[in-house]
Every structure is written in C-alpha cells, then in structure tokens.
K.L.:
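Take this structure first; my questions come after.
All figures in this text were calculated on a predicted structure; none of them were measured in a lab. For the numbers below, each heavy atom of this structure counts, side chains included, while hydrogens, waters and symmetry mates do not.
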Amino acid sequence: MVRLDVSDSDLRAAVARRPRRQLARTQLGVAPLADPVPWDCPATQEIRFDIPEHYNASEVLFQNLAAGRGDHLAVIGPAGHRTYGELAADAARWGNALLGLGLARGDRILLVLDDTPVYPAAFFGAVRAGLVPILVNVLTPPDLLRFYLIDSGAKAAVVETEFCDRFVAAAENRSGDLPLTTLVIVNGHATPTIPGVDVKQAQNWLAPFSEQLASADTHRNDMAFWMYSSGSTGKPKGIVHLQHDMPYTHASYGRHALKLGPEDICFSAAKIFFSYGFGNSITFPFSVGATSLLMPGRPTPESIFAVIAQYRPTVFFGLPTLYTILTNAPQIKTADFSSIRMAVSAAEVLTIDAFEAWKSATGLEIIDCLGATEMLNVYISNTPERKKPGSVGMRVPGYEIVLKDENGAVIDDGREGTMWIRGHSLTPLYWNNPEKTAKTIHEGGWFSTGDRYIRDADGFYFFRGRADDLVKISGQWVHPTEVQTCLAGHPAVRECAVVVTALPNGRTALKAFVVMNEARFDAQSMACALQNYVKQKLMPFKYPRIVQFMKELPKTGTGKIDRQALLAWYREGGIIAPARRGGSRAAPSHDAGTSRRSLAVRSRVAR
C-alpha cells in the first residue's frame, strides 16, 4: 500500500492556495488545469495508462470509426437506434451548430436531457468542439437550475421539451441575472418565452450543419465536462472532469472488472447525468464498440422488465434500492433474464438480504462496487471471479487506496478508518469552492472520501459509515449506517434509513425511517420488535430511539435515499414537502391502520 508521508496540516496549507489560482486561470482562459495526480504515480504505472499530451475525450466515440465499427449499433432503445457512424455524424453536427452560436473554447453548456440518442450526440459534439457540457439531473427544479446557470456561467442549454418550462420559471423576474443566451429544445417542439434568450428547435436548427468536425486541439488536462453533486449532504458542488478522465476509468474499472466486448449490450437504470450511469451507458460500452441500451423516463419495474425482454441486454446496472423494488415486483415471476451475464450495483450499501433475494428470484448474483462522482466512476469492486456478499469489493487496478485513523496515520487490515484514494480520474477541483477543494483533494492527488471502511485480510472492503456521521449515544460512538444495515436485515423490512436527530430534552438519538413489506401491521409492537432486533444483533445502546414507518422513502435524482428530505419531513411535523433540489419528495407515512402522527414511535426505555 502507498502511504502518505506529509502531515495533514501541511497538505491543507498547500492545497488551500492552489484552487483559487486554478479557478482564476480557468475563468480567464483555456489553460490546462494542474492535475493533482502525478503522471508517474504507482496506480498509473500499474495499468500502463498512457495518453497523448494533446487529447480530446470525443475520441471515446470517434475511435470506433477508425476501428471499423461505423456500422455497429452504438445506441438502441425505445427512443431510437444509431450506429457508431450515425452517432458520430450527429455529434459533429451538434459541435458545428454550437460553435455557430459564437461560443468560445471552454464555454459551458447545460444539458438537461433524458436517456435518448440525443444525449451522447450533444455531449460528444460539445466536447469535440472544445466546449464544456454540464450534466445535470432531469428533475432539477427552477431555483436550482438558476443556481447551476449562475454558478457555471453557462451561455447555452439543451433541454428536453417536457422540461423547458423550468427554464422559464428559473428566469422569471431574474433573466437579467442569468448568463443564458440560447436554449435548444430537443425531442419535441415547444416555444417558451424567456427575455433575452434565443430559443431554437433542435431538429430544424441542426439540419444545415456539417457532419464532419475535427476535434479541438485540447490538452489532456483541459476541462472536458462537469457534473454537479446530488446535494444530498448540502449545496450541490460543481465537479470538474478533464479530457483524460473517461479513458482512465475504462483502462481501470472497465477493462479489469466489466471486461466488455463489442458483442455486449449495456443497460443502465441509473441515468446518464449520474456519474455511475454515465460510465455504464457511455464510457464503457463506447470504449470497446459495445451497444448502449438507453431508456428514457422513470425506471419502473414495468419499463425495466419490458426493455430487458425486447432488447436482451447482457449487462444490467442498478442500485440496491432498485434491486429490492424489482425483487418485490410481481412481474419478476415471469421476467426473462437469460440474456444477462452480469448484474452490477453501486451508489448505496447492498445488504446481504437484498443480494440473496435477487439471486433467489433471478439466478443472478449482484456484483457490488463503489465509486464517486469526484473519481468519475468505480475504484473498488467485486468481480464475478472474486466476491464477498456484504463487501463493496477489492481495489480496482489503477487506484491506490489507504485507510487512515483519526490522527491521519495509515492503518492495517482489520481496523476501521477513513478511505483515501488516488487515481487519474480524480477531479482537480470543485468549481467556485476552494474551501471544499482544500478539505477534500490533498497534496499528491489524494482524495479524502469521508467514508469509513474496514479492509479484511483478503483485501475486501466493508462500509462502516461516514466519518462525519459518527454520533455519541449513551456516551458511546455509533455509526447510523451500521444500525441501518442491521435493520435492513430484518425479514419484515423492505427498506430503511437511519439518521441522527435530537430528542426534546436536547439529547442526541437515532431515528429510523422504515418501509415494511406488508401493508398493515401494529406500529407500536413492530417498532418494539425492530428496536429489540437491533439490540440483539448489535450493542444494546445502538438501537434507534424513534421509529417512523413510511409508505416509501424519498429519493434523490440519482436514486439514493434523500436524508435531508426525511429530516425536513420530521421537522415539519410530517407535512409532505414539495419537490426539493434533485426533485425528490418527502414520502407520506405508512397508514398501517393508524394516524400519521401516531407512527413516530419512541421507545419508553429511551430515558
């Protein structure tokens, strides 16, 4: 294992200055960013990653033409099919059209798009033209859309017809504050009126532009695209990625864990705007000439089972919550999964019960993995050959990983510590957020995740919670995630979330939001049963003092449980909140034959 030999105080002092200088350079010109990861670091050498100094990420798509795969299907799905040749022509037309707006090298373009062939075409067209697309959640509400536009300085945006009204709302009484000058409408026709903004219908607007476009002479460290964090733990952060990041994730995770070939068909229920979905639907299949199955709309059991039956994907990418929903769906009894050779999961903890339930229903084992938007994709993964249920997997070649204790010392196997990672897909900075950059991205290109893990003697990692989630209960430290994982193992529980809250007397306590498998039950007795279950499985002081039964748990746009919405729901007395940030909504309580207010059950022994 690689060890840090610099103190954290030295790292903070050194890095705190660097992001501000980089930000100023980026805003004033197109100079390459200072990649914090050394090109000769052990992880890069391990996978023999080498890329020209001048490189443009659109080659992930266009290299398929040189490889003779122009007639091979790049994209299939309900919204249409495109070969690699057709998609490259579409991308070139997009790039030429965007340049025709007078946009300059490095200008940002907001993409509010669903998963259709338009997405990769617009994305690669912008990148090939030297512009910087920003991938955002399709459920983004107007106030957050306004923040993205102002924070990024995006002069143009491309949006689905059904979402264009949000731009009207975002600009209402504020159009003079927005940098937006052009809005391009795709997949339909709409005529929104926004003062100072030229609205174009993509189909007619694109038609006269050439299907040929040479790639911009970008440096491998130039900005290629951004993604915004989901905001599930605070204000969304603009995460910048460089031209070489996409091929690096393929050379590491794609090549060593997925092992895709041109004959594969990849189907990701996670959307493209999500870094996990972006790799699944674009980077990994396009890097080897495979086919990407794109499904627009909400990923429901009905829609997922239907596209699997029609298009026969070979690799399926889901999330733990989705796997649980699919496993409990009645349609699974007749669903045909025979085409799928691998089912992958990421973004949340995959419980052993969820793993076993899916395997029992489908015959497929879920390959769990771990990634982050800051790293663009996956750095720890199980594989079909080497896996342990309950573990997120082993280190992916191309990444260095250390666990550190509270004093910053690297620790050995069997001890719990905070995970630090280094690899060449790391973001160099959070846009307009030098303080967060300094706290997270350290000297030598090390990324402090804030996640706590234990590594066993075989090299498998097991999640133990967030470093900032540690809370003292009865004078002893507790991880809410540990309690959540325990509760999720109860046979009557469909899904749950455990958060930190305060009791009326000011003491800190754990609160569990629980969705049960059955529709009707006695809330009081079930709450006691769940509390006793935790006491028996873990230490007695770790049980949740409050149990709230829900019909469903609110989710962010990336499919993660929205903890902020849950806490807001609780603070507001159980009032269903309006859509927030990623478009999630606080879910109503489970009626269970009782009133909503009676379902917040506090243990009588919690004194």
Side-chain angles (χ1 to χ4, degrees), residues 257-259 264-271 274 276-277 279-281 293 295 298-371 378 380-394 460-463 481 484-497 514-518 552-553 555 558-561:
L258 294 179
K259 301 177 182 179
D264 276 306
I265 299 174
C266 297
F267 175 34
S268 176
K271 295 291 187 177
F274 182 16
Y276 173 51
N280 304 338
S281 294
L293 168 54
M295 184 187 75
R298 186 165 171 259
T300 64
E302 294 80 6
S303 61
I304 289 173
F305 292 142
V307 298
I308 289 176
Q310 181 175 355
Y311 297 101
R312 312 293 292 163
T314 60
V315 183
F316 176 66
F317 300 87
L319 285 77
T321 301
L322 179 63
Y323 279 112
T324 298
I325 292 172
L326 294 178
T327 301
N328 291 313
Q331 300 95 323
I332 200 167
K333 296 178 181 179
T334 57
D336 182 4
F337 296 96
S338 60
S339 67
I340 298 176
R341 66 174 179 83
M342 184 186 298
V344 182
S345 178
E348 292 179 304
V349 175
L350 177 70
T351 65
I352 295 177
D353 285 345
F355 174 91
E356 295 293 349
W358 173 262
K359 182 179 179 180
S360 175
T362 67
L364 294 166
E365 293 186 333
I366 300 174
I367 305 301
D368 198 16
C369 59
L370 173 68
V378 172
I380 292 177
S381 182
N382 289 277
T383 67
E385 299 79 23
R386 299 198 66 185
K387 54 186 176 293
K388 282 189 180 182
S391 164
V392 294
M394 305 177 69
F460 286 87
Y461 289 84
F462 296 82
F463 184 56
T481 304
Q484 178 177 309
T485 302
C486 176
L487 268 180
H490 192 286
V493 173
R494 176 177 298 177
E495 62 176 347
C496 63
V514 181
V515 178
M516 303 296 288
N517 285 321
E518 299 298 327
E552 59 179 334
L553 297 182
K555 305 295 195 304
T558 58
K560 297 180 182 179
I561 294 173

K.L.:
If we only count heavy atoms from C-beta on, is the W358 to I332 side-chain gap below 4.5 Å?
P.N.:
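Heavy-atom side-chain distance check passes, below 4.5 Å.
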K.L.:
Distance check, rounded to the nearest 0.5 Å: K359 atom NZ versus I352 atom CD1?
P.N.:
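Answer for the NZ-CD1 pair, K359 versus I352, is 12.0 Å.
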K.L.:
So, does N517 use its side chain to make a donor-acceptor pair with the main chain of P491 at under 3.5 Å?
P.N.:
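Side chain of N517 to backbone of P491: a pair is present.
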K.L.:
Kindly compute the distance separating CD1 (I308) from CD1 (I340), expressed to the nearest 0.5 Å.
P.N.:
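CD1 of I340 is found 4.0 Å from CD1 of I308.
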K.L.:
Between F267 and F316, what is the ring plane arrangement, given parallel below 30°, perpendicular above 60°, and tilted in between?
P.N.:
tilted
K.L.:
Is any side-chain heavy atom of F274 closer than 4.5 Å to one of L319?
P.N.:
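When only atoms from C-beta onward are counted, F274 and L319 do touch, with a gap below 4.5 Å.
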K.L.:
I want to check something: taking the side chain as every heavy atom from C-beta on, are S391 and D368 in contact at a cut-off of under 4.5 Å?
P.N.:
no
K.L.:
Do I325 and P301 have side chains that get closer than 4.5 Å, going by heavy atoms?
P.N.:
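Yes, close enough: below the 4.5 Å cut-off.
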K.L.:
Show the nearest heavy-atom pair for residues M342 and A257, with the distance to one decimal.
P.N.:
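Of all heavy-atom pairs spanning M342 and A257, the closest is CE-O, 4.1 Å.
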K.L.:
Could you grab the distance from atom CD1 of I367 to atom CD of E385, nearest 0.5 Å is fine?
P.N.:
8.0 Å
K.L.:
Measure across G318 and Y323 and return the closest heavy-atom pair with its distance rounded to 0.1 Å.
P.N.:
N-OH, 3.6 Å
K.L.:
Using the side-chain hydrogen bond (donor to acceptor under 3.5 Å, both in side chains) rule, collect all pairs that involve residues 307-320, keeping only residues at least two apart or in two chains.
P.N.:
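Residue pairs passing side-chain hydrogen bond (donor to acceptor under 3.5 Å, both in side chains), neighbours aside: D264-T314, R312-D336, R312-S338.
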K.L.:
Is C369 close to V344 at the side-chain level, that is, under 4.5 Å between some pair of heavy atoms?
P.N.:
yes
K.L.:
Might you point out which heavy atoms bring F337 and T362 nearest each other, and give the distance in Å?
P.N.:
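That closest heavy-atom pairing would be CE1-CG2, 3.6 Å.
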K.L.:
Would you say R341 has more than 12 foreign heavy atoms packed within less than 6.0 Å of its CZ?
P.N.:
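Yes, because the 6.0 Å sphere around CZ of R341 holds more than 12 heavy atoms from other groups.
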K.L.:
Is there a side-chain contact between L370 and Y461, using heavy atoms and a 4.5 Å cut-off?
P.N.:
no
K.L.:
Quick check for you: to the nearest 0.5 Å, what is the distance between S268 atom OG and Y276 atom OH?
P.N.:
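The OG atom of S268 sits 6.0 Å away from the OH atom of Y276.
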K.L.:
For I561 and A497, which heavy atoms make the closest approach, and how far apart are they?
P.N.:
CG2-CB, 3.8 Å
K.L.:
Are M516 and V493 side-chain neighbours, meaning at least one heavy-atom pair lies under 4.5 Å?
P.N.:
yes
K.L.:
Starting at CG of L350, measure out to OG of S345 and round the result to the nearest 0.5 Å.
P.N.:
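Rounded to the nearest 0.5 Å, the CG-OG separation comes out at 5.0 Å.
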K.L.:
Looking only at heavy atoms, which two atoms of F317 and L258 are closest? And how far apart?
P.N.:
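Taking every non-hydrogen atom into account, CE2-CD2, 3.9 Å.
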K.L.:
If you compare all heavy atoms of T321 against all heavy atoms of K555, which two are closest, and at what distance to 0.1 Å?
P.N.:
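Looks like CG2-CE, 3.1 Å.
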K.L.:
In the structure I gave you, are the side-chain heavy atoms of S339 and P313 within less than 4.5 Å of one another anywhere?
P.N.:
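Side-chain contact under 4.5 Å: yes.
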K.L.:
Is it true that a side-chain atom of S360 and a backbone atom of E356 form a donor plus acceptor pair closer than 3.5 Å?
P.N.:
no
K.L.:
CD1 of I380 to CZ of F460: how many Å apart, nearest 0.5 Å?
P.N.:
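Between atom CD1 of I380 and atom CZ of F460 there are 11.5 Å.
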K.L.:
Do the side chain of K387 and the main chain of P384 share a donor and acceptor less than 3.5 angstrom apart?
P.N.:
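Confirmed, K387 side chain pairs with P384 backbone.
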K.L.:
Should I304 and M295 be marked as a side-chain contact (heavy atoms from CB on, under 4.5 Å) after you check the CA-CA gap, both sets of side-chain angles, and the distance that decides it?
P.N.:
CA-CA 8 Å; I304 289 173; M295 184 187 75; 4.2 Å; yes
